[in-house]
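Please read the structure below before turning to the comments.
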Amino acid sequence: MPADRALRIVLAEDSVLLREGLIGLLGRFGHEVVAAVGDADALLDAVAEHGPDVVVTDVRMPPGFQDEGLHAAVRLREERPGLPVLVLSQYVQRSYAAELLDSGDGTGVGYLLKDRVGQVEQFVDALRDVAGGGTVVDPEVVRQLLRRRRDPLARLTAREREVLGLVAEGRSNGAIARELVVSEAAVGKHIGSILTKLDLPPADDVHRRVLAVLAYLRG
């Protein structure tokens, strides 16, 4: 997806203040919110009507304020496997992240904490990555996933764990190399070693690799 392409977005958020703030924020970056709704049923209708490039939705929405937004997102991805969806959550919920990551065809999906919206450029970059078919998982979710299962990770070196965390956040090999101040070739070797130690098959597609690692860690 061209970096300067304007996205058509359906936004679902029951908080009027946050919803209006997101509309303004996304507009400043040249994107268009074609529909902004406050409940899950309206989200389903808006996607059917507008056919957006990407959906941004809260997890908890009326009427029950449980996980209506998440279930709507999963349903949309089942019905439209290629539809990119970015879910915002107030708290880390591993089960929510797992259900979302398992939906659709495994591409174009993101799970972020609402706090990330305040980091404006990172949020917009994450939205564009998801719209382009990428996988973006909040770093705090990644940390909790890593803490959840320590035994398999005991086989990894400290550097490999560091690389795995960055991979699971959706970073490219180049971005990881810049972050760790090493060569891309070194990053590639670390990733190959990680996949071998975790009994995961090598994969050319970086997003499927992320999903495979997260699926293993959820396991």
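Values in this document were obtained by computation on a predicted structure and should not be read as measured data. Values below: all heavy atoms of this structure, side chains included; hydrogens, waters and symmetry mates excluded. Residue numbers start at 1 and run along the sequence shown.
Side-chain atoms of R128 come within 3.5 Å of backbone atoms of R5 as a donor-acceptor pair (strictly under, hydrogens ignored). Put simply, the side chain of E32 never gets that close to the backbone of V34: no donor and acceptor are under 3.5 Å apart.
When side chains are defined from C-beta on, V187 does not count as touching L166, because their heavy atoms never get closer than 4.5 Å. Side-chain contact between L22 and I9: absent, with no pair of heavy atoms (C-beta onward) separated by less than 4.5 Å. In this structure, D14 and F65 have side chains that are in contact, with non-hydrogen atoms separated by less than 4.5 Å. Residues K114 and D58 form a side-chain contact, since some pair of their non-hydrogen atoms from C-beta on lies under 4.5 Å apart. Counting heavy atoms from C-beta outward, P62 and E68 have side chains that stay 4.5 Å or more apart.
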- request: Would you sort out whether V182 and H190 count as a side chain to side chain contact (heavy atoms under 4.5 Å, CB included), showing the intermediate values?
  value: CA-CA 11 Å; V182 297; H190 284 312; 5.6 Å; no
- prompt: Could you walk me through whether L11 and R19 pass the side chain to side chain contact (heavy atoms under 4.5 Å, CB included) check?
  reply: CA-CA 8 Å; L11 170 64; R19 187 166 69 230; 3.8 Å; yes
task: Would you check, one step at a time, whether the test side chain to side chain contact (heavy atoms under 4.5 Å, CB included) holds for V124 with L25?
output: CA-CA 9 Å; V124 175; L25 184 157; 3.7 Å; yes
field: Step-by-step side chain to side chain contact (heavy atoms under 4.5 Å, CB included) determination, V47 to R80
entry: CA-CA 10 Å; V47 170; R80 301 170 173 81; 4.0 Å; yes
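The CG atom of L88 sits 12.0 Å away from atom CG of L70, with the distance rounded to the nearest 0.5 Å. Between the CD atom of E20 and the OG atom of S15 there is a distance of 9.5 Å, given to the nearest 0.5 Å. Remark: N173 CG to I191 CD1 distance equals 4.0 Å, nearest 0.5 Å. For the atom pair CD (Q122) and CG (D129), the distance works out to 11.5 Å, reported to the nearest 0.5 Å. Atom CG in D125 sits 7.0 Å away from atom CD in E121 (nearest 0.5 Å). E13 CD to T57 OG1: the interatomic distance, rounded to the nearest 0.5 Å, is 8.0 Å.
Both V120 and L112 belong to a common hydrophobic cluster when Ile, Leu, Val, Met, Phe, Trp and Tyr are linked at side-chain heavy-atom distances under 4.5 angstrom. Tracing side-chain contacts under 4.5 Å through hydrophobic residues (I, L, V, M, F, W, Y), one never reaches M61 starting from V54; they form parts of separate clusters. Under a hydrophobic clustering in which Ile, Leu, Val, Met, Phe, Trp and Tyr are joined whenever their side-chain heavy atoms come within less than 4.5 Å, directly or via other members, V130 and L7 fall into the same cluster. The cluster map of Ile, Leu, Val, Met, Phe, Trp and Tyr, joined by side-chain heavy atoms under 4.5 Å apart, puts V59 and V10 in the same cluster.
In summary, R75 and E78 do not engage in a salt bridge, as defined by a charged side-chain N under 4.0 Å from a carboxylate O.
Listed here is the closest heavy atom pair of L83 and R77: O-NH1, 3.0 Å. What you find for A40 and A72 is that their closest heavy atoms are CB-CB, 4.0 Å.
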